[in-house]
Amino acid sequence: MTDTSSTGQARGEAPAPRRRALYRLMRYLPLVAPVLLWAVPCWVLLYAGQHWPAPVTAGGTALFVLGLVAMPLGMARGHGRRQQDAAAIVGDTLLGVSWVLFTWSVLLGVLLRLALVVAGVGDGQDRARAVTWAVLGVSAVLLAWGYAEARRVPRVRRLDVRLPRLGAGLDGLRVVLVTDTHYGPLDRARWSARVCETVNSLEADLVCHTGDIADGTAERRRAQAAPLGTVRATHARVYVTGNHEYYSEAQGWVDLMDRLGWEPLRNRHLLLERGGDTLVVAGVDDVTAESSGLPGHRAHLAGALDGADPGLPVLLLAHQPAFVDRAAAAGVDLQLSGHTHGGQIWPFHHLVRLDQPALAGLSHHGARTVLYTSRGTGFWGPPFRVFAPSEITLLVLRRGN
């Protein structure tokens, strides 16, 4: 691998109007969302015609009120200035529980009740109680399964990616992608080591990490990130920042990854040479970098490609799929991204699609740009993955259409 460019300093582009509208909407969600997430299932499970005994109704209501108070308080103390891991675990877990309860209270509260009415099963109270037990049962199963899915070592997803401009000497190049490891309040040092063992078993030519390493500073999460230093690749290990680095002293993560033997591609590129052919491997800072206020941190694709032969194929690392519009305009052949988690907990993927052009997998953009979006290797916040499995991705680059 040959380093051929330096960090660019130009200003990044402004977000698209659709994304700005979404950001304005997001400002109000912290106020409204907790109330909806707890009030809706409380009503559906306790007050929608069940006529439970008074102690059951009072006790259940008290639990929902406790959840409504504890969830935002735990998240504020866990992810705010205090950075209390125990509080973050409580708040994040309650967020996942409330989302699942809310989703299935709405779905079963409407669909199951309607089906029972059409089928003529029971009276109003019987149908209401059937909905309650169904919601609780489905939620418990999904939460248990989702927790196991979040904590396991991800399965390897293998696929071929054909790039018309790829040279014959690069045909069969093995690229492994890990992203969104999100080392955080739950200690996952052993999980991290097992992930790295799996990566090493794939015998990669190039290993990429497309950001969101952790929630917390490099100093706090060093033990969980340390196994990344054991990752092997025949040519290089490369890394770009994600938005979560900019919540937690991003430069500290850039420096740590450098010490662990990874190449931080901060708006620059390297040349990977094999069999007489060359691949440009470029990377940009996350699009949130400029607003972080850190000197020199910004997404600058022109700087990343500065000095590269325009006739060579380009593999670009960019944390967010939304960057693909710029990549396609610049003629990038393959962009690797993460950020979406595949939605992480269904049906959150519908909200993700409002902000990102792709949720997971391969998609095509512009004349020749291929985007691969990973569902992520770890999880953020709630320790659950429901209908959005994590992954370690092996992409084998192939020549041809």
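Values reported hereafter were calculated over all heavy atoms of this structure, with side chains retained and with hydrogens, waters and symmetry mates removed.
R188 contributes a side-chain N or O that, together with a main-chain N or O of T181, makes up a donor-acceptor pair within less than 3.5 Å. Side-chain atoms of W99 come within 3.5 Å of backbone atoms of I345 as a donor-acceptor pair (strictly under, hydrogens ignored). The backbone N or O of G331 lies less than 3.5 Å from a partner atom in the side chain of R368, making a donor-acceptor pair. Using modelled atom types, one side-chain atom of S98 and one backbone atom of L95 make a donor-acceptor pair closer than 3.5 Å. A distance-only check finds a donor-acceptor pair linking the side chain of Q344 to the backbone of P382 [under 3.5 Å]. Of the possible polar contacts, none joining the R158 side chain to the V396 backbone as a donor-acceptor pair under 3.5 Å is found. One N or O on the side chain of S291 and one on the backbone of T288 form a donor-acceptor pair closer than 3.5 Å. Judged purely by atom type and a 3.5 angstrom limit, W52 has no side-chain atom pairing as donor or acceptor with the backbone of G60. Under the 3.5 Å distance criterion, the side-chain polar atoms of D160 are left unmatched by any main-chain donor or acceptor of R162. With W380 contributing its side chain and D180 its backbone, the two residues share no donor-acceptor pair below 3.5 Å.
By the 30° and 60° cut-offs, the orientation of the rings of Y239 relative to H209 is perpendicular. Using cut-offs of 30° and 60° on the angle between ring planes, the pair Y47 and W43 is parallel.
Aromatic ring centres of W145 and F387: separated by under 6.0 Å.
Looking at E290 and S292, their side chains never come closer than 4.5 Å, going by heavy atoms from C-beta outward. Using a 4.5 Å heavy-atom cutoff, the side chains of R151 and L186 are in contact. Residues I89 and T93 have side chains in contact (heavy-atom distance under 4.5 Å, counting atoms from C-beta outward). Looking at V156 and T198, their side chains come closer than 4.5 Å, going by heavy atoms from C-beta outward. By the 4.5 Å heavy-atom criterion applied to side chains, S390 and F379 are not counted as neighbours. Side-chain contact check for V280 versus L271: some heavy-atom pair is nearer than 4.5 Å. At least one side-chain heavy atom of L397 sits under 4.5 Å from a side-chain heavy atom of L279. Side chains of S192 and E197 form no contact here, defined as non-hydrogen atoms less than 4.5 Å apart.
The OG1 atom of T278 sits 11.0 Å away from atom CG of L166, with the distance rounded to the nearest 0.5 Å. The CZ atom of F384 sits 10.0 Å away from the CG atom of D92 when rounded to the nearest 0.5 Å. The line from CD of Q320 to CG of D212 is 8.5 Å long, rounded to the nearest 0.5 Å. The distance from atom CZ of R174 to atom OG1 of T234, rounded to the nearest 0.5 Å, is 10.0 Å.
Among L272, L206, T210, V175, the one residue that satisfies the side-chain contact (heavy atoms from CB on, under 4.5 Å) test with V238 is L206.
For the 3.5 Å distance criterion, the side chains of T340 and Q356 fail to qualify, holding no donor opposite an acceptor. Under the 3.5 Å distance criterion, with hydrogens and angles disregarded, a donor-acceptor pair is assigned to the side chains of N243 and H339.
Nearest heavy-atom pair across G307 and H269 is C-CE1, 4.2 Å. Smallest separation of non-hydrogen atoms from G96 and L143: O-CD2, 4.1 Å. Pairing each heavy atom of R152 with each of W191, the nearest pair is O-NE1, 3.0 Å. Of all heavy-atom pairs spanning R399 and A168, the tightest one is NH1-CB, 3.3 Å. A pairwise comparison of heavy atoms in N200 and T230 identifies ND2-O, 3.1 Å as the closest pair. The two residues H341 and R385 have their closest heavy-atom pair at O-NH1, 3.2 Å.
Enclosure of atom CD in E249 is not indicated, since only 12 or fewer non-hydrogen atoms of other residues, nucleotides or ligands lie within 6.0 angstrom. Annotation: F348, atom CZ; neighbour count of heavy atoms from other residues, nucleotides and ligands within 6.0 Å does not exceed 12. Around CD of E203, the count of heavy atoms belonging to other residues, nucleotides or ligands within 6.0 Å does not exceed 12. Open room surrounds CZ on R232; 12 or fewer heavy atoms of other groups in view lie less than 6.0 Å from it. At most 12 heavy atoms of other shown residues, nucleotides or ligands fall within 6.0 angstrom of atom CZ in R81.
With sequence neighbours left out, V44 forms a side chain to side chain contact (heavy atoms under 4.5 Å, CB included) with V40, S105, V131. In terms of the side chain to side chain contact (heavy atoms under 4.5 Å, CB included) criterion, residue partners of R220 (sequence neighbours excluded) are, by chain and number, Q83, D85, T217. With sequence neighbours excluded, the residues satisfying side chain to side chain donor-acceptor pair (under 3.5 Å) with R165 are D333. V284 meets the side chain to side chain contact (heavy atoms under 4.5 Å, CB included) test with N267, L301, A304, L316, A318, F323; sequence neighbours excluded. Scanning for salt bridge (Lys or Arg N to Asp or Glu O under 4.0 Å) contacts around R274 gives D205, with sequence neighbours left out.
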Take T241 and W253 through the side-chain contact (heavy atoms from CB on, under 4.5 Å) test and state the conclusion after the steps.
CA-CA 8 Å; T241 56; W253 281 110; over 6 Å; no
Yes or no on side-chain contact (heavy atoms from CB on, under 4.5 Å) for H235 and E273, after CA distance, side-chain angles and deciding distance?
CA-CA 9 Å; H235 286 80; E273 300 172 351; over 6 Å; no
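A salt bridge does not link R298 to D285: none of the charged side-chain nitrogens sits closer than 4.0 Å to a carboxylate oxygen.
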Distance-only check: which donor-acceptor pairs under 3.5 Å involve side-chain atoms of residues 370-377, not counting sequence neighbours?
unit_1 : atom_1 : unit_2 : atom_2 : d
Y372   : OH     : R157   : NH1    : 3.1
Y372   : OH     : E391   : OE2    : 2.6
S374   : OG     : G376   : N      : 2.9
R375   : NE     : P389   : O      : 2.7
T377   : OG1    : T179   : N      : 3.1
T377   : OG1    : T179   : O      : 3.2
T377   : OG1    : E391   : O      : 3.1

